[in-house]
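Data first, discussion second: the structure below is written as structure tokens.
Every heavy atom of this structure was used, including side-chain atoms; hydrogens, water molecules and symmetry mates were not. Note that this is a predicted model, so its numbers are computed, not measured. Every chain is numbered from 1, with letters handed out A, B, ... down the list of sequences.
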Protein chains: 2
Amino acid sequence: MRQAATIKDVGQRAGCGVATVSRVLNNTGPASAKMRERVLAAADALDFQFSEVGRSLQSSTTRTIGCVVPSIENPVYADAVQGAQAVFVNAGYQMLLTCTNYSADAEIHAVRTLIAKQVDGMLLTVGDAQNSEGLNLIRRRQLPHSLLFNAAPAGQTSWSVDDHAAAAAVADAFAKNNHVHTGFLALNFLSSDRARRRFEGFAERCMQNGMTPPALLEVDDDGLDLTAHLHGFLEDHPELTGIFASNDFLAFAVIRSARKLSIDVPRDLSIVGFDGIKVGQMVEPSLATIATTPRVLGTGAGKTVLSMIDGSAPPNVPQKEQTFSFRAGGSLAPLTAESKDDGKVAAFPPSNDQTRKTAKIQQERSK
Amino acid sequence: MRQAATIKDVGQRAGCGVATVSRVLNNTGPASAKMRERVLAAADALDFQFSEVGRSLQSSTTRTIGCVVPSIENPVYADAVQGAQAVFVNAGYQMLLTCTNYSADAEIHAVRTLIAKQVDGMLLTVGDAQNSEGLNLIRRRQLPHSLLFNAAPAGQTSWSVDDHAAAAAVADAFAKNNHVHTGFLALNFLSSDRARRRFEGFAERCMQNGMTPPALLEVDDDGLDLTAHLHGFLEDHPELTGIFASNDFLAFAVIRSARKLSIDVPRDLSIVGFDGIKVGQMVEPSLATIATTPRVLGTGAGKTVLSMIDGSAPPNVPQKEQTFSFRAGGSLAPLTAESKDDGKVAAFPPSNDQTRKTAKIQQERSK
DNA sequence: AACAAATATGGAAACGTTTCCATCGGGAGG
DNA sequence: CCTCCCGATGGAAACGTTTCCATATTTGTT
């Protein structure tokens with residue numbers, strides 16, 4: 001790349017000192033009309049633009065904010081990130097984005113790098129807010145930051161869905177539809193406090209509703225075809241009539257796998273998802289799910305960080321109860337009296353394929 | 001935020017000059033064992049980290065790459081961006097992300113800011129590659145960059161889908177299934193050269209296949225319910241038996257609207273999408289579409305930029321024909337001989353609701 | 001023991017800004 | 001005509017690095 005012009009070059013061409021150039025171009029301080037004109041002409045001729053690097057060094061501010069999320073392949077994060085980004089550009093900030101792919105190593109590495117880059121603030125979704133090395137680092141440096149989608153640790157603000165309560169609402173929905181035996185399908189269970197809180201909230205409310213404790217099916221790869229997992233899971237738990245998937249994509253995957261296994265959704269098996277992605281309402285059956293507002297959370301978290309930077313009043317985080325709503329859908333149907341009475345619903349078709357049980361399945365993980 | 005320690009502080013605490021600190025901490029140049037130890041201890045005690053700003057100023061390199069895309073709400077861009085981002089972090093670069101929301105103003109503004117921030121390279125999807133102010137600016141500065149999803153202008157490399165050929169493949173698919181009268185549904189038609197190229201490729205091949213020129217329905221808001229638009233469109237073009245939607249979300253939206261209008265997909269109306277997003281294969285009917293590999297494009301474009309920076313050999317862009325493939329799906333069905341013969345298929349149900357024609361509809365836009 | 005060679009260390013310049021301060025010139029008021 | 005003041009301008013320091021070069025110290029060789 002051609003060497004860019006510096007303020008010194010402009011001063012030379014305009015026949016003045018750098019101080020004058022700075023004053024003219026920034027409209028700070030006085031300058032005579034002819035001088036002003038000469039400087040402007042020189043800057044124009046040289047295609048001059050201030051170097052933010054030089055500025056940053058002198059002002060010890062970078063007008064840059066770091067953002068760390070697990071993955072923007074998940075539209076929930078993508079929407080939130082885009083919302084925050086819009087808030088940032090509006091305020092004259094740029095956003096450095098890093099995706100961790102749910103890896104704690106990538107997380108701490110990203111935080112370190114962003115700190116070295118001297119970001120003015122940070123927005124992040126960590127794997128485990130209670131125990132995040134990166135988060136500790138940020139706190140120690142007293143860097144303005146906000147959490148996103150993590151449950152807020154004591155004294156911290158976080159823009160997040162109340163996973164616990166939302167999962168409880170799912171349990172209620174199952175209960176209202178007479179389901180008693182349910183399962184919970186989790187992705188990244190170990191590396192995500194979100195998934196864990198959803199499971200806890202769900203299990204707790206199941207108990208309170210007199211349902212049996214949910215069976216846990218944990219998978220760790222998105223791309224994997226769930227069919228084998230689902231088959232084994234239902235074989236081990238033939239009494240299940242409903243499954244709560246920890247996100248909408250998983251819910252779709254289950255529905256597809258069920259279809260392959262000739263299990264009808266929702267007649268034989270009800271499915272509820274989490275997140276409320278757009279397509280959920282476009283397909284047949286529509287997906288029962290927890291609707292969330294990722295964009296709202298993203299913009300809110302972004303504004304929170306900005307307010308910490310400029311000392312203005314931070315926006316109010318929404319009431320916990322307003323961070324989600326249960327959205328009914330065709331994938332959750334009432335259990336008929338008959339199938340409920342005998343306890344064992346005909347949810348499992350004749351098993352004609354010898355699906356191998358895979359090692360990745362874990363069930364009844366108590367904790 | 002607490003004032004961070006500088007190399008000078010470390011030198012002071014370790015009782016040595018800054019040059020020594022730099023040498024020790026960067027493992028460049030010699031240092032005695034005790035000196036090394038003292039410096040390390042001092043750095044540790046002060047929580048010292050080099051400031052990238054200072055480094056950037058002195059090396060005139062920022063290890064930062066700018067990325068400009070229309071929106072990461074679209075998973076195609078999200079996947080590509082994430083792929084590129086992964087490539088960048090692997091090479092020790094960070095990514096500054098800006099979403100333009102398909103606005104040319106936002107585009108040029110983003111480019112300007114990124115240039116001021118002295119990014120080492122740039123990755124971008126512009127609205128119109130033939131006529132982009134931002135792109136010109138980048139070229140003038142000879143900044144290493146690659147296009148993504150734009151058709152490459154002469155002499156430029158771009159990692160993109162061959163929209164023209166892909167759309168032609170859709171026309172072929174319709175033809176093979178005996179469709180003659182089709183429509184094209186576009187979003188952001190004016191601000192996206194991609195949509196335009198798809199329309200051109202589709203229309204051209206329709207002609208070659210002896211089909212009638214496709215009717216154009218242009219909408220400009222994603223969130224809007226398409227039902228009214230679709231109703232009016234089919235009323236004006238009752239002969240249509242298939243619609244090519246310029247992306248998968250639009251395709252889903254059409255299918256939903258069709259359902260509301262009691263039009264059965266694919267019996268009464270076939271739908272083909274574009275992009276090949278994951279959920280397309282999970283739902284019923286599955287979506288016939290053009291499958292693309294955004295992640296591959298994103299990583300490729302990322303590597304291209306890196307290669308331009310370090311002067312290494314750039315990766316080969318895929319052959320145009322390999323940038324997409326037609327994916328069959330349940331939303332596209334053969335036209336029965338009977339419905340084909342009379343030309344006018346019973347694609348339109350009794351119109352019982354007085355849908356208002358909205359102003360946003362434009363049809364038969366030639367060019 | 002003396003000297004050459006190699007190793008260890010620090011000072012200072014340079015990178016591109018902003019901003020404080022000093023200087024210079026000129027117009028107004030005495 | 002002299003002073004005073006104000007507007008215009010430039011020099012220089014500071015921000016945090018790296019790196020060149022010079023100097024100081026150690027090691028090794030006769």
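- For the pair A:N27 CG and C:dT19 C1', the interatomic distance rounds to 16 Å; values are reported in whole Å.
- For the pair B:R63 CZ and D:dT18 P, the computed distance is 13 Å after rounding to whole Å.
- Distance A:K8 NZ to D:dG11 P: 11 Å, rounded to the nearest Å.
- Side-chain contact between A:S132 and A:E107 is present, with heavy atoms from C-beta onward closer than 4.5 Å.
- The 5' end of DNA chain D is approached more closely, in terms of each residue's nearest nucleotide, by B:G54 than by the other of B:R23 and B:G54.
- Summary of the strand contacts: B:L57 and B:G15 both lie near DNA chain C, and taking for each the nucleotide with the nearest heavy atom, the more 5' one is attributed to B:G15.
- Along DNA chain D, the nucleotide nearest A:S32 and the nucleotide nearest A:V18 are compared for position; the residue whose nucleotide lies closer to the 5' end is A:S32.
- Listed pair A:T20 / D:dT9 fails the phosphate criterion, with no side-chain N or O lying under 4.0 Å from OP1 or OP2.
- Between B:Q58 atom CD and C:dT17 atom C1' the separation is 16 Å, expressed in whole Å.
- Taking every side-chain heavy atom of A:A19 into account, D:dG10 is the closest of D:dT18, C:dC15, D:dG10.
- Here the P atom of nucleotide D:dG10 and the CD atom of A:Q12 are 13 Å apart, to the nearest Å.
- A sub-4.0 Å separation between OP1 or OP2 of C:dT18 and a side-chain N or O of A:S59 is absent.
- A donor and an acceptor atom, one from each side chain of B:Q82 and A:N101, are located under 3.5 Å apart.
- Rounded to whole angstrom, the span from the CG atom of B:D9 across to the P atom of D:dA14 amounts to 15 Å.
- Atom CE of B:M35 and atom P of C:dT9 are 6 Å apart (whole Å).
- Nearest to the side-chain atoms of A:F48 among the listed nucleotides D:dT18, C:dT18, C:dT17 stands C:dT17.
- The nucleotide whose nearest atom lies closest to any side-chain atom of B:F50 is, among D:dT17, C:dT9, C:dT17, D:dT17.
- Under 4.0 Å is where a charged nitrogen must lie from a carboxylate oxygen, and between A:R63 and A:D120 no such pair does.
- Residues A:K117 and A:T64 form no side-chain contact, since every pair of their non-hydrogen atoms from C-beta on lies 4.5 Å or further apart.
- Using a 4.0 Å heavy-atom distance criterion, B:A31 is classed as a sugar-phosphate-only contact.
- Residue contacts shown for A:S60 are absent, as no nucleic acid heavy atom lies under 4.0 Å away.
- Seen from the ring of B:F50, B:R55 counts as a face-on cation partner, given the 6.0 Å and 45° thresholds.
- Spacing between atom CZ of A:R36 and atom P of D:dA8 amounts to 9 Å, rounded to whole angstrom units.
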